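Reviewing the structure listed below.
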Amino acid sequence: MSVSAMLNHLDWPTLQERRQSSRIKFMEKIINKSVAIPEAYLPDISYTGLTRATKRDASKGELPYLSTNQGHTLRYNSSFMPLTLRAWNLLPKRTGFSLGDESVAGHH
């Protein structure tokens with residue numbers, strides 16, 4: 001039996017899926033400022049209107065939309081930030097993720 005067949009039989013995620021999951025988990029740490037990333041490298045965090053209601057939604061697990069400047073090279077577009085932001089923005093809005101008010105208020 002091949003490795004691929006065993007992984008399919010066991011219903012384990014592929015290497016690509018595991019890498020994406022790790023990138024998203026690391027992005028959560030970046031947004032929550034659990035890791036030291038220079039401010040210039042942080043993605044822009046936005047909520048529609050950034051009203052009191054959307055801040056409340058954010059504290060209940062509503063995911064923000066993340067963006068950054070688009071690169072002009074394949075190398076940049078294949079790097080951590082663009083790959084992760086694309087995957088992040090495709091996640092369902094409610095995932096149990098929570099931002100503190102300080103993180104929400106600090107980014108517009």
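This one's a predicted model, so the numbers in the text were calculated from it and none came from an experiment.
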_With Phe26 via side-chain contact (heavy atoms from CB on, under 4.5 Å) - residues at least two apart_ = Ile30, Val35, Phe80
*Report the residues that fulfil side-chain contact (heavy atoms from CB on, under 4.5 Å) with Leu15, sequence neighbours left out, ordered by chain and then residue number.*
Arg18, Arg19
*Find out if a path of hydrophobic residues (ILVMFWY) with successive side-chain heavy-atom gaps under 4.5 Å connects Leu90 to Trp88.*
no
Run the side-chain donor-acceptor check on residues 4-14: report pairs under 3.5 Å with partners two or more places apart or on a different chain.
{"unit_1": "Asn8", "atom_1": "ND2", "unit_2": "Ser4", "atom_2": "O", "d": "3.3"}
{"unit_1": "Thr14", "atom_1": "OG1", "unit_2": "Glu17", "atom_2": "N", "d": "3.1"}
{"unit_1": "Thr14", "atom_1": "OG1", "unit_2": "Glu17", "atom_2": "OE1", "d": "3.4"}

_Is there a continuous path of hydrophobic side-chain contacts, each under 4.5 Å between heavy atoms, that joins Met81 to Leu74?_
no
*Shortest non-hydrogen separation from Arg86 to Asn77 and the atoms involved*: NH2-O, 3.0 Å
_Quick check for you: to the nearest 0.5 Å, what is the distance between Glu28 atom CD and Thr84 atom OG1?_
13.0 Å
*asked:* Give me the atom names and distance for the closest heavy-atom approach of Ser78 to Leu83.
replied: O-CD1, 3.1 Å
*asked:* So, taking the atom named CG in Leu66 and the one named CG in Asp44, what distance separates them when rounded to the nearest 0.5 Å?
replied: 9.0 Å
